[in-house]
**Student:** 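Next up is a structure, given as structure tokens.
Worth saying up front: this structure is predicted, and the values here are computed from it rather than measured.
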Amino acid sequence: MNTSLTITRPDDWHLHLRDGPMLAAVAPHSARLGRAIIMPNLVPPVVTGAEAAAYRQRILTALPPGATLRPLMTLYLTETTDPADVLAAHAAGLIAAVKLYPAGATTNSASGVRDFDRVRGVLEAMAGAGIPLCVHGEVTDPAVDIFDREAVFLDRVLEPIRRRTPGLRVVMEHITTRDGIDYVRAGGEDIGGTITTHHLVINRNHILAGGIRPHYYCLPVAKREAHRLALLEAATSGEGRFFAGTDSAPHPDRAKESACGCAGCFTAPNWLSILAEVFEAAGALDRLEAFTSLNGPAFYRMDPNPDRVTLTRGEAVRFPASITAGDETVTVFDPGFPIHWHLDD
């Protein structure tokens, strides 16, 4: 049994850091990453290059001394996004991607896209410049069952967008279904997909069976066990089109544990240790580095991080059950099984 694993420093290709006191509380838990794609769904959202630059500075200020994290900023795509601003922000190195939220799909997505014809000019400009589009892949049609929204999105939204915009590079974020895995595999070199730690661990029974567990509720919602197994097979396959994006999404406990609780799992403190446990159980520990450290940079046309980190296996690690953010508490994701891997200091 392996007791030590040294890998290229990991990246997180889908991370929520929030703002204000929450940013100050959660940013240190991602400080040892190499890079992270930072989500722009603040209130108000980050929609211009200038706003991305200002947010990046707030993130850097919130990081502790010695942090290795390099935040890669994104812009929130709206129906009034200026293609010229997107191109200028990317050319200046301010942004690494643009994020598509269908309006109403998830937390702080009210400013997202309803009429996709109105963003065609932006998408065409992005395709020409090679700027990736990060996609929250769910339809918001109330007639579509919540467990089917990802699969319907592929046919109704994503495939038409890609047909009409040749060369557009797409990251299908937080895939939750076998349908999504199959779509990315068949989609050619211009599409990749992120898979979260928590979707490799939980299925919908974890949320609903035996009582509602709000800290397992996320969007896209976890699906049947067959879909979780499809995600696990893809993540541990070593295929370059799949890479780690935690979608770590902190919310105050009062907002999660309410009559209308919000969606999101806060995994930043323990996601890498959980992944090591999951990959070990799958007999794929030798492929962890590809998923966490190599495949993402390759898709984003960046070099892997130049340094390495070591994970050590030992006695079960006790992670904090929650953290404090100002006057709030935020529950840390609990995988429901012992974690024996920890990142060395």
Side-chain angles (χ1 to χ4, degrees), residues 11 13-14 37 77 96-102 105 113 116 119-120 123-124 126-141 144-197 199-200 203-204 219-247 278-279 282 284 287-288 290-292 294-302:
D11 300 306
W13 299 95
H14 185 152
I37 287 282
L77 182 63
V98 172
K99 178 62 182 274
L100 166 62
Y101 291 103
V113 177
F116 289 90
V119 297
R120 188 173 298 178
L123 299 181
E124 290 172 351
M126 290 171 57
I131 304 171
L133 178 70
C134 297
V135 173
H136 182 109
E138 291 187 287
V139 297
T140 56
D141 183 346
V144 178
D145 188 282
I146 190 170
F147 293 104
D148 298 329
R149 289 180 179 179
E150 180 173 293
V152 172
F153 179 88
L154 300 174
D155 292 333
R156 190 181 293 181
V157 179
L158 187 54
E159 183 59 21
I161 284 177
R162 296 182 67 227
R163 279 201 311 268
R164 294 171 186 168
T165 321
L168 180 66
R169 306 184 70 242
V170 173
V171 179
M172 187 174 173
E173 296 188 312
H174 44 48
I175 303 172
T176 62
T177 62
R178 187 193 304 271
D179 309 75
I181 295 296
D182 292 344
Y183 184 84
V184 170
R185 277 183 165 146
E189 63 181 15
D190 289 332
I191 188 166
T194 61
I195 302 173
T196 78
T197 303
H199 285 118
L200 292 175
N203 59 36
R204 64 188 189 181
L219 287 174
V221 68
K223 309 299 194 298
R224 292 179 181 272
E225 176 66 0
H227 293 293
R228 186 192 72 84
L229 293 176
L231 301 179
L232 180 62
E233 185 276 327
T236 59
S237 69
E239 292 179 59
R241 64 185 69 242
F242 300 113
F243 39 97
T246 66
D247 193 19
V278 168
F279 273 62
R287 296 173 185 166
L288 180 65
F291 184 66
T292 62
L294 304 179
N295 296 347
F299 184 85
Y300 275 89
R301 297 173 178 170
M302 300 177 185

**Student:** To the nearest 0.5 Å, how far apart are CG in L219 and CD1 in I146?
**Tutor:** 5.5 Å
**Student:** Rounded to the nearest 0.5 Å, how far does CZ of F153 lie from CE of M172?
**Tutor:** 7.0 Å
**Student:** Can you name the closest pair of heavy atoms from K99 and V135 and give their distance?
**Tutor:** CE-C, 4.2 Å
**Student:** In Å, rounded to the nearest 0.5 Å, how long is the span from CD1 of I161 to CG of L123?
**Tutor:** 6.0 Å
**Student:** Ignoring hydrogens and angles, state whether a donor on the side chain of H227 or H199 is under 3.5 Å from an acceptor on the partner side chain.
**Tutor:** no
**Student:** How close do V184 and G193 get, counting heavy atoms only, and between which atoms?
**Tutor:** CG1-N, 4.1 Å
**Student:** Does N295 reach the main-chain N or O of R241 with its side chain, forming a donor-acceptor pair under 3.5 Å?
**Tutor:** no
**Student:** Taking 4.0 angstrom as the limit, do R149 and D141 come out as a salt bridge?
**Tutor:** no
**Student:** Rounded at 0.5 Å granularity, tell me how far CD1 in I37 sits from SG in C134.
**Tutor:** 5.5 Å
**Student:** Is any side-chain heavy atom of I195 closer than 4.5 Å to a side-chain heavy atom of L232?
**Tutor:** no
**Student:** With under 30° as parallel and over 60° as perpendicular, where do the rings of H136 and H174 fit, or are they tilted in between?
**Tutor:** perpendicular
**Student:** Could you tell me if the side chain of R162 sits less than 4.5 Å from the side chain of I191, heavy atoms only?
**Tutor:** yes
**Student:** Any side-chain heavy-atom pair from L154 and D179 closer than 4.5 angstrom?
**Tutor:** yes
**Student:** Does any part of the side chain of T246, heavy atoms only, come nearer than 4.5 Å to the side chain of T196, both counted from C-beta?
**Tutor:** no
**Student:** So, do T194 and I175 sit near enough that their side-chain heavy atoms are less than 4.5 Å apart?
**Tutor:** no
**Student:** Below 4.0 angstrom, N of the basic side chain to O of the carboxylate: do E233 and R185 qualify?
**Tutor:** yes
**Student:** Are any of the side-chain heavy atoms of L168 and D190 separated by less than 4.5 Å?
**Tutor:** no
**Student:** Between R164 and E124, is there a side-chain N and carboxylate O pair less than 4.0 Å apart?
**Tutor:** no
**Student:** Could you tell me which non-hydrogen atom of D155 sits nearest to which non-hydrogen atom of P160, and how far apart they are?
**Tutor:** O-CD, 3.3 Å
**Student:** With rounding to the nearest 0.5 angstrom, report the CZ to OG1 distance, F279 to T292.
**Tutor:** 7.5 Å
**Student:** Looking just at side-chain N and O atoms, do T177 and E150 make a donor-acceptor pair shorter than 3.5 Å?
**Tutor:** yes
**Student:** Please round to the nearest 0.5 Å and tell me the distance separating atom CZ of F291 and atom OG1 of T236.
**Tutor:** 9.0 Å
**Student:** Please lay out, stage by stage, how Y101 and L77 fare under the test side chain to side chain contact (heavy atoms under 4.5 Å, CB included).
**Tutor:** CA-CA 7 Å; Y101 291 103; L77 182 63; over 6 Å; no
**Student:** Grab the two heavy atoms, one from A96 and one from P132, that are nearest each other, plus how far apart they are.
**Tutor:** O-CD, 3.4 Å
**Student:** Has the side chain of D11 got a donor or acceptor atom that lies under 3.5 Å from a matching backbone atom of W13?
**Tutor:** no
**Student:** May I have all residue pairs that pass salt bridge (charged side-chain N to carboxylate O under 4.0 Å, His left out) and include part of residues 220-229, sequence neighbours excluded?
**Tutor:** E225-R228
**Student:** Take V221 and R204 through the side chain to side chain contact (heavy atoms under 4.5 Å, CB included) test and state the conclusion after the steps.
**Tutor:** CA-CA 7 Å; V221 68; R204 64 188 189 181; 5.7 Å; no
**Student:** Can you list the residues that meet the side chain to side chain contact (heavy atoms under 4.5 Å, CB included) rule with F299, with sequence neighbours excluded?
**Tutor:** R169, V171, F243
